[in-house]
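Just so you know, these numbers come straight off a predicted model, no measurement behind them. Just so you know, ligand 1 is whichever comes first in the structure, and atom 1 is the first atom listed for that ligand.
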Amino acid sequence: MSEQTNGFFTKEETDQIVDAIVAAEKRTSGEIRVHIEQTKVDDSSKRVVEVFEALKMHETKQRNGVLFYIGIKDHSFFIIGDKGINDLVGADFWDKTKDMVIDHFKNGAMKEGLVKGIEKVGEKLSVLYPYQGSEHDEDELSNEISGNHV
Ligand code: CA
Ligand code: CA
């Protein structure tokens, strides 16, 4: 089912990351995505916004999509949230979560860091945007990791 196009994590790691997204989204209407950019880009802070839009992450009903962006060649890492969630969490929530994930990255624990970050964001989303039940809550955005092709 899941075709691996990220070219970075192993199949097993990819599955664990996707499982973390699926588990998080069982507790919230929010949507979490992970994007891995493998090529060098001119400006990663611009690219992350471009990716956010290309993945249509600004089109969720409650504007509560959160993107984890990893730039392999640029050594960049961003977590960005859509308007809805951004209005509710302080900037320091993103900074703290980002720092926690980067600490893991520095120790070579990429997958663990990402999973922990997803759990932390999922927890926050579950408070701000509780799951609305299977009848109302749809999976608005794919849980698969996206790669350069977007
Ligand atoms: Ca959802
Ligand atoms: Ca989803």
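Heavy-atom minimum distance, V121 versus F93: CA-CZ, 4.1 Å.
No hydrogens or angles considered: a donor-acceptor pair under 3.5 Å links the side chains of S29 and Q62. A donor-acceptor pair shorter than 3.5 Å can be found between the side chains of N143 and D139.
Residue contacts to the Ca ion (ligand 2): S142 brings no N, O or S atom closer than 3.0 Å. Distance check for D137 against the Ca ion (ligand 1): an N/O/S atom falls below 3.0 Å. Coordination check, L141 versus the Ca ion (ligand 2): passed, since an N/O/S atom of the residue sits under 3.0 Å. Backbone or side-chain N, O or S atoms of D139 do not reach the Ca ion (ligand 1) at under 3.0 Å.
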Would D43 and R47 satisfy salt bridge (Lys or Arg N to Asp or Glu O under 4.0 Å), going step by step from the backbone distance to the final call?
CA-CA 6 Å; D43 184 342; R47 177 65 182 145; over 6 Å; no
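Between the side chain of N64 and the backbone N or O of T60, no donor-acceptor pair lies under 3.5 Å.
For the Ca ion (ligand 1), the nearest N, O or S atom contributed by E138 is named O. E31 contributes atom OE2 as its closest N/O/S atom to the Ca ion (ligand 1). Note on E25: its N/O/S atom closest to the Ca ion (ligand 2) is OE1.
For the pair K111 and F9, the NZ or CZ position fails the cation-pi test of under 6.0 Å to the six-membered ring centre and within 45 degrees of the ring normal.
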